[in-house]
Amino acid sequence: MKETILKTSGLTKCYGKQKALDGIDLTVNRGEICGLIGKNGAGKTTLMKVITGLTCVDNGTFELFGKADVKEERTRIGCIIDSPAFFGNLSAYDNLKYYCILKGITDLTKIGKALECVGLTDTGKKKYRNFSLGMKQRLGIALAILDEPELLILDEPINGLDPIGIADMRELFRKLNKEAGITIVISSHILPELDSLATRFIFIDSGRIVKSLSKEELDDECRVSLNITCDDTSKASTILERYLGIKEYKITDSRTIKIYDPAQEEELRAALEKEGMQILSVESKGVSLEDYFRMIVGDRPESGR
Ligand code: ATP
């Protein structure tokens, strides 16, 4: 059975009259890479801040690693929310050493391990201020994983990186998830990236979760298909199998059947009509994550409230 490591119930948070979170019920299971998707101002950062203890909620509860007393359990979380503060005149190693002292981490071998994991072992005495943006982001990740967390919370960690930097980060997150077994909650506006990385997708709008689905479910919703609306889907499936050899299809309700096998609309219509079936519509569908996002939350420029 999947182990739940984060479970929130009815999280609500207001800034003055502004409702940033409006009853968030979220469950994250061990091993997932959970992508948070939402427009500017949807509430993603606020949710991450609540979980990591950077801000408090007005209402609602949450559990971490199965425990309602989350204070101790938060030590099992690593995060990047806003840019971490590093000293410009210190090296990568010395910056992390500073944080070891601050966090009470006595095992300094963890610094070398974290730097190796993010590919920053060769930076030697180079000062942080002379790092590229990609190196700075990597050091931020190294800080987040310094104390070997089980859950990583990353708020827009690939912002501003070039395509190679983004691809490097993607591989790093995959490695942390697969090899180190770290569960990840990540937000990003770069949807193709999230699409290729996340195993689950949470769509947030105006402080509410409007959709939650697994990668398989998302792929199924976005996959190219011919959707036939007709009077009898059971009969239609028999005809499609028998006369056109179609195997990959799904009956989604009593009137709609989705066909994933490559098929010609005219050929389908002819086969069904020959057997006396009434076809109400035939539509070709297939969308990107960005299209799907627009369908779920609409085209307003910011999260409307
Ligand atoms: P973005 O994608 O732009 O980072 P977001 O989904 O992370 O957006 P939040 O930063 O969580 O959204 O903001 C949610 C709402 O709460 C917004 O309307 C924002 O203006 C408001 N908000 C966030 N932090 C504060 C704050 N410290 N004081 C007042 N309002 C805030």
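Whatever order the structure lists ligands and atoms in, that order sets their numbers, starting from 1.
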Glu156: heavy atom below 4.0 Å from ligand 1, yes or no? yes

Are the side chain of Glu32 and the backbone N or O of Asn29 linked by a donor-acceptor pair below 3.5 Å? yes

If you measure from each heavy atom of Gly43 to ligand 1, is any distance below 4.0 Å? yes

Within ligand 1, which atoms have a heavy atom of Asn40 less than 4.0 Å away? 1 (P), 2 (O), 3 (O), 8 (O)

Between CG on residue Leu36 and OG on residue Ser212, distance to nearest 0.5 Å: 10.0 Å

So for ligand 1, is Gly41 a polar contact partner (N or O within less than 3.5 Å, distance only)? yes

Electrostatic pair Arg223-Glu248, nearest N-O below 4.0 angstrom: yes

Going by the atom numbers of ligand 1, which of them fall below 4.0 Å from some non-hydrogen atom of Thr46? 9 (P), 11 (O), 13 (O), 14 (C)

Parallel, tilted or perpendicular, as decided by the 30° and 60° cut-offs, for the rings of Tyr292 and Phe203: perpendicular

Can you find an N or O of Ala20 that's nearer than 3.5 Å to an N or O of ligand 1? no

Which of the atoms in ligand 1, numbered in the order shown and given with their element, are less than 4.0 Å from a heavy-atom of Gln18? 18 (O)

With a cutoff of 4.0 Å, is His189 in contact with ligand 1, counting heavy atoms of the residue only? yes

Validation row: Tyr260, Tyr249 side chains within 4.5 angstrom (heavy atoms): no

Check contact between Lys39 and ligand 1, using heavy atoms of the residue and a distance below 4.0 angstrom. yes

